[in-house]
Protein chains: 2
Amino acid sequence: MTTHHHHHDALGHHQCVRLVPIFNHLEDDQMNEIMQVAQSRQYKKGEMIYMAGDESDALYIVSSGKIRIYRLSESGKEQLVRILTPGEFTGELALFRESIHTNYAEAMSNTQVCMITRADLQEFLLKYPSISLKLLQEFSNRLDQSETQTTRFATEKVDTRIAYFLSDLMEDEGGSMIVDLPMTKKDMASYLGTTPETISRKLADFEDAGYIHQISNRKIEILDLDEMLMV
Amino acid sequence: MTTHHHHHDALGHHQCVRLVPIFNHLEDDQMNEIMQVAQSRQYKKGEMIYMAGDESDALYIVSSGKIRIYRLSESGKEQLVRILTPGEFTGELALFRESIHTNYAEAMSNTQVCMITRADLQEFLLKYPSISLKLLQEFSNRLDQSETQTTRFATEKVDTRIAYFLSDLMEDEGGSMIVDLPMTKKDMASYLGTTPETISRKLADFEDAGYIHQISNRKIEILDLDEMLMV
DNA sequence: CGGAACTTTGATAACGTTCAACATTCGTGG
DNA sequence: CCACGAATGTTGAACGTTATCAAAGTTCCG
């Protein structure tokens, strides 16, 4: 047990599979079948689920907790790619490729994941082709998101990127005028390709301009979205 | 016929299907089956294959010519996403989603494509699940590429992005020291999220530093890749 | 409660865009 | 095949934006 940096729970906790949109159109017996092969694992805060260069052999679905996915650029600088919350999954990138991870996955808090091995998943996909279509759909969405993000980096300055970030958060939270930042401002800077200093300054500028009100460190009230997006 | 801005060739020209890596592991009868439903189309230089907002209902495979895929940011600025050459395909993004295109596809020269409708493709995927796995693999690759690009934007300055762009081109051409730019410098600027002026200047700087030699407008000899990548 | 990590603010400097003028290349029709 | 016009590419100077460095303030977590 000392050689394992994670806790492997051979018994239950496979309910996580039900959390995943990709699987929740399955019939009961199919669901049972995949729950048979799913393994539950626990990671403590700060532990790595996988790293760039690791061989990829599994799909990881978050049951509880949060996972931070990041990359290092060729010259070693870190960028936050996305944060996974319960129901979301990762590992897919390398699952269908040369099976080497190109990014890093780190538990942000105590985190429980469901793991399905590459072999089991592929077998399952060949047996139930409709799941592949769902997966393709999910991939399409991510690709679109990633390209949207790329285009924002390529064409917008920091102001605007921050504004769209806040706008996206509002949508995620169903249009509430008060958004909770899902990460530290340091991480937000990394995600948006800028520095914590600049995030601080631009948010202060937005506040001066009357577009937002910073309620607390992690809470922002949006006062005038449209104006903010036209900066 | 006047209402159609493209030429539809109902007869042959379905060989294009053979060009696509995704399909070239198929057995003969499967190949014939998909060639049955593939339609050939021609676009003249400058014609649009699809635009953002169009309903997506087909996969387009390039037989000959080139297709320019680009996006507009929310604020209307254009970014070149990728250029498709024979054997590559597009249309996939919206194929499995809400079926609305989010980017633009424009013929860069007279271009012949093979078109497979959404319905035909889905039927085919359900019938031959192994193709889905190939498609998933292709999507993974694109996602990885897109995230790599995003990370470069987020963490590297223009110098370095240009250097990696040249480096990628070298790889594509099998390590030859002389690379042909696959697009105008204007497009290169759009792709790399900068301006033509800056591309000009940085390439001149690279030349001064002895990293490259600009043979002609579209041809660059790489003299010292390693040094150039460490700018 | 205390230390570490994160955040803010100010001053400065590096970086890249913009605008304008000129040079070159490309592509089309004669 | 050449000539011409349009599009693309180059160079310089000025400006705007954002990173960097430093120091002080705040929040978080054990």
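In what follows, every heavy atom counts, from backbone to side chain, and hydrogens, waters and symmetry copies are set aside. In the text below, chain A, chain B and the rest are named by the order of the sequence lines, each starting its count at 1.
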Review item, nucleotides 9-19 of chain D N/O atoms under 3.5 Å of protein N/O:
residue, atom, partner, partner atom, Å
D:dG9, OP1, B:K185, N, 2.7
D:dG9, OP2, B:K185, N, 3.3
D:dG9, OP2, B:K186, N, 2.6
D:dT10, OP1, B:K185, NZ, 3.2
D:dT10, OP2, B:S200, OG, 2.5
D:dT10, O5', B:S200, OG, 2.9
D:dG12, N7, B:R201, NH1, 2.9
D:dG12, O6, B:R201, NH2, 3.4
D:dT17, OP1, A:K157, NZ, 3.3
D:dT18, OP1, A:V158, N, 2.9
D:dT18, OP2, A:K202, NZ, 2.9
D:dA19, OP1, A:T194, OG1, 3.3
D:dA19, OP2, A:T194, OG1, 2.8
D:dA19, OP2, A:T198, OG1, 2.5

Tell me yes or no: between the side chains of [X] and [Y], is some donor less than 3.5 Å from an acceptor?
X      : Y      : answer
A:Q42  : A:T111 : no
A:E88  : A:T85  : yes
B:T90  : B:Y50  : yes
B:T151 : A:S73  : no
B:T102 : A:D144 : yes
A:S190 : A:E78  : no

Can you run through DNA chain D from 5' to 3' and write each base as (, ), [, ], | or . depending on how it pairs? Watson-Crick or G-U wobble, both distances under 3.5 Å. ||||||||||||||||||||||||||||||
Expressed in angstrom and rounded to an integer, what is the separation of [X] atom [atom1] from [N] atom [atom2]?
X      : N      : atom1 : atom2 : answer
B:L192 : C:dT17 : CG    : C1'   : 16 Å
A:K44  : D:dC29 : NZ    : P     : 18 Å
B:L181 : C:dC26 : CG    : P     : 12 Å
B:F153 : C:dG16 : CZ    : P     : 13 Å
B:N110 : C:dG27 : CG    : C1'   : 13 Å

Please list, in numerical order, the residues of residues 69-86 of chain A that have a heavy atom closer than 4.0 Å to any atom of DNA chain D. none
Decide, yes or no, whether a salt bridge links B:R161 with B:D168 under the criterion of side-chain N to carboxylate O below 4.0 Å. no
So, A:R142 and A:E138, do they make that salt bridge, N to O below 4.0 Å? yes
When you compare the side chain of B:M183 with that of B:I83, does any pair of heavy atoms fall below 4.5 Å? yes
Side chain to side chain, A:I162 and A:L192, heavy atoms closer than 4.5 Å: yes
Would you check if the side chain of B:N110 reaches a backbone N or O of B:K45 as a donor-acceptor pair within less than 3.5 Å? yes
